[in-house]
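Note that the numbering runs from 1 along the sequence shown for the chain. Both ligands and their constituent atoms are indexed starting at 1 by order of listing.
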Amino acid sequence: MGAVNAVADLAVEGEIAILTLNSPPVNALSQQVREGIANGMKQAVADGAVKAIVLYCEGKTFIAGADITEFGKPPLPPSLVDVEDAIENSPKPVIAAIHGTALGGGLEVALCCHYRVAVPSAKCGLPEVNLGLLPGAGGTQRLPRIVGPEQALDMVTSGKHVDAKTCLAVGLVDELVAEGTLRASAIAFAKKVLAENRPLKKVRDLNDKVTAARSKPEIFAEFRKANARKFRGFLAPEYNIRCIEAAVNQPFEEGLATERKLFVELMQGTQSAAQRYVFFAERQVWKIPDVPEDTPTIPVKKIGIIGAGTMGGGIAMNFANIGVGVTLIETKQEPLDRGLGVIRKNYERTAKGGRITMDDVEKRMGLLKGSLSLDDLADCDLVIEAIFENMDVKKEVFGKLDRIVKQGAILATNTSALDINEIATAVKRPEAVIGMHFFSPANVMRLLEVVRAAKTDKPVIATAMQLAKKIGKIAALVGVCPGFVGNRILYARSTQANAMLLEGAMPWDIDRVTYDFGLPMGPFAMSDLAGLDIGWSKEKTSSSTIREVLCEKDRRGQKTGAGFYDYDEQRNAKPSPVTEQIIKDFMAKAGSTPRKISDQEILERSVYAMINEGAKILEEKIAIRPSDIDIVWINGYGWPVYRGGPMFYADTVGLPTVVAKLEEYGSKMGANFTISPLLKKMAAEGKRFQDLK
Ligand code: T1G
């Protein structure tokens with residue numbers, strides 16, 4: 001037989017045809033792959049010698065879904081449904097041979113095969129919800145027929161990749177075969193199907209599980225209720241739920257029609273456009289134009305962390321989690337013991353939740369060594385300084401590290417705001433100095449800002465990025481400036497929030513608008529959580545800001561039961577008449593008259609100030625590309641992924657609108673506020689940030 005097209009090959013061995021796909025990197029269902037399957041099926045069905053067909057993929061994975069790069073472009077034949085019909089209606093049994101990840105359209109194709117075999121390391125899933133979509137090729141109708149509506153609801157709304165053993169248990173695959181033998185084992189399985197004269201099992205005909213659920217509408221009501229908080233703001237999860245409901249309440253073909261209709265709605269919406277943008281942005285962020293993928297990296301087997309406080313402890317856990325030994329340094333025994341104690345408590349809590357075993361806890365604690373002497377870091381490959389934010393102290397520590405730690409090691413700082421170029425002046429090897437800015441809690445937050453200083457070497461950058469991937473972080477390479485990317489943009493938003501407070505808006509108004517926009521919390525609730533007295537001192541206070549006045553009245557946030565909000569025993573916040581009066585008195589004293597500020601103005605001034613700051617960051621080359629800024633805000637500050645990030649959002653609003661609004665608000669934006677020249681230029685030229693690669 002031989003090549004069907006550039007990505008598909010058909011071989012016949014005895015009575016078995018093997019249709020092999022080979023379209024790197026993930027055998028996505030591009031037009032060519034669809035054509036290859038359709039024509040390969042036609043040839044195999046037409047070949048009298050062939051009694052059964054195996055669908056197999058070369059490369060690292062079975063089909064990982066539709067080709068996302070084709071979305072939004074005019075559809076080319078054959079359609080995925082045509083391909084599926086060719087498989088499902090084949091008069092000869094078709095067996096899917098699964099390795100790697102059978103995802104989205106890939107699993108949907110496999111569900112049209114009559115049987116599925118997999119290697120134990122394989123995973124299956126319908127992750128379309130992560131793209132703001134739903135399985136649009138029959139997955140929402142076929143999956144519940146095999147695994148039942150409850151499991152199907154969980155799979156399509158979480159997008160999780162289910163391991164092969166579970167797939168076997170829930171009937172998604174018919175047999176697990178030994179690793180490395182997939183092709184031969186699938187052929188053997190096909191022969192068994194023939195020998196045992198097994199039926200052409202069509203998933204569409206398996207109605208027991210969906211019929212049984214028809215009398216249990218509570219399945220859906222309870223699922224919606226249980227996940228309301230998690231799905232807040234997202235469209236796709238609800239649309240997925242409706243499709244599973246359709247699978248239970250409608251005949252197969254009608255359910256398919258419902259699925260199709262809801263799929264098209266999502267595909268044409270802004271949420272999916274945003275989430276697809278983020279899919280590629282999460283892959284782009286690792287690509288650094290002048291640090292190619294083959295840049296040599298420094299082996300990191302031993303790590304030192306200075307400071308066993310909240311940040312130091314969290315950072316250490318990341319490395320112990322991947323089996324790398326860490327020496328934690330403190331100045332005194334008490335804080336060292338406390339730091340190690342907090343880490344153990346965190347691990348024990350995780351073990352209690354069943355996510356790790358107590359044995360894991362001991363193994364990881366065994367990798368953590370405490371010390372009161374910097375000398376113990378002499379043979380470290382990487383040292384991360386995580387002490388309080390004071391330039392002189394940091395420079396003193398780096399000076400000592402320079403004398404102690406072996407040449408070739410990386411000297412990193414976890415500072416969230418200080419000038420790393422300045423810190424690097426304290427050592428004779430500034431090329432080894434880099435910023436690794438973790439977000440609290442450092443063992444949980446996914447984002448890492450890797451900060452490139454003026455003299456940082458490329459192997460040091462490549463190593464830091466590689467390590468970030470190993471510890472499960474998403475890292476963005478940023479330049480040195482106050483607040484780097486994340487905090488600098490946060491500062492721009494806070495400036496507007498504080499300004500609007502002095503014009504008549506109340507903290508809870510601003511927080512409500514921010515929350516309804518999709519962020520987990522507004523700026524004032526966030527301040528109350530962190531504590532209003534960070535950087536405040538009773539001795540130096542001067543009632544110059546509302547925040548100072550609140551602290552002076554011992555309203556320091558959640559920890560004192562009052563801050564901008566009043567808190568009950570369960571720390572539930574409610575608007576405070578005390579704060580309201582403090583703000584009114586403060587304004588009266590400043591001679592300013594409150595005015596009604598609309599929700600629209602609150603949103604636009606907050607978000608457009610962020611966009612403007614993002615544009616300035618791009619002008620100054622502090623970020624490589626706009627989508628890196630979006631990755632920072634989505635993974636570090638809870639920006640809703642279905643809005644794509646501040647820079648993507650700017651494109652959806654339209655840059656001319658953003659500029660016009662900023663000009664309209666004019667002096668209200670603040671005496672020092674200026675509109676980014678890049679933003680103005682792009683608006684004038686009708687450009688989008690997405691066009692800036
Ligand atoms: N389409 C196009 N390109 C894809 C792709 C896809 N589905 N999946 C991955 N790539 C590219 C990716 O951009 C990267 O490119 C390279 O492959 C390696 O990816 C009708 C509508 C499979 C688990 O959501 O989850 O089916 O950066 O770096 O870490 O119902 O890729 O090298 O140029 O992520 O080993 C549903 C998406 C689609 C799965 C592998 N499927 N992919 O992870 O590699 S919608 C998905 C993944 C659908 C139907 C619907 C992961 C992976 P580049 P990578 P990895």
Please confirm whether Pro127 comes under 4.0 Å of ligand 1, counting heavy atoms of the residue only. yes
Any protein heavy atom < 4.0 Å from atom 34 (O) of ligand 1: yes
Report the nearest protein non-hydrogen atom to atom 1 (N) of ligand 1: residue, atom name, distance rounded to 0.1 Å. Ile68 N, 2.9 Å
Can you tell me if Asp630 and Ser627 form a side-chain donor-acceptor pair at under 3.5 Å? no
Find all atoms of ligand 1 within a distance of less than 4.0 Å from any non-hydrogen atom belonging to Phe263, and give their numbers and elements. 21 (C)
Is Val26 in contact with ligand 1, taking contact as a heavy-atom separation below 4.0 Å? yes
Please report whether atom 5 (C) of ligand 1 has a protein non-hydrogen atom at a separation of less than 4.0 Å. yes
Taking only heavy atoms of Phe280 into account, list the atoms of ligand 1 that are under 4.0 Å away from them. 13 (O)
In ligand 1, which numbered atoms sit nearer than 4.0 Å to a non-hydrogen atom of Glu108? 20 (C), 30 (O), 49 (C)
Contact atoms of ligand 1, heavy-atom distance to Leu131 under 4.0 Å: 24 (O), 38 (C), 45 (S)
Which residue and heavy atom of the protein sit nearest atom 25 (O) of ligand 1, plus the separation: Leu103 CD1, 4.0 Å
Nearest non-hydrogen protein atom to atom 43 (O) of ligand 1, with distance, is Lys60 NZ, 4.7 Å
Using a strict 4.0 Å threshold on nitrogen-to-oxygen distance, state whether Arg204 and Glu84 make a salt bridge. no
Checking contacts now, so for atom 29 (O) of ligand 1, which I'm interested in, is there any protein heavy atom under 4.0 Å? no
Counting from 1 in the order shown, the ligand 1 atoms closer than 4.0 Å to a non-hydrogen atom of Asp67 are 1 (N), 2 (C)
Atoms of ligand 1, numbered as shown, that sit under 4.0 Å from any heavy atom of Thr101: 22 (C)
Looking at non-hydrogen atoms alone, which of Glu70, Gln284, Lys287, Lys469 comes nearest to atom 27 (O) of ligand 1? Lys287
Note the single closest protein heavy atom to atom 17 (O) of ligand 1, along with its residue, its atom name and the distance in Å. Pro25 CG, 3.1 Å
How far is atom 51 (C) of ligand 1 from the closest protein heavy atom, and which atom is that? Arg283 NH2, 3.9 Å
Does atom 13 (O) of ligand 1 have a protein non-hydrogen atom under 4.0 Å from it? yes
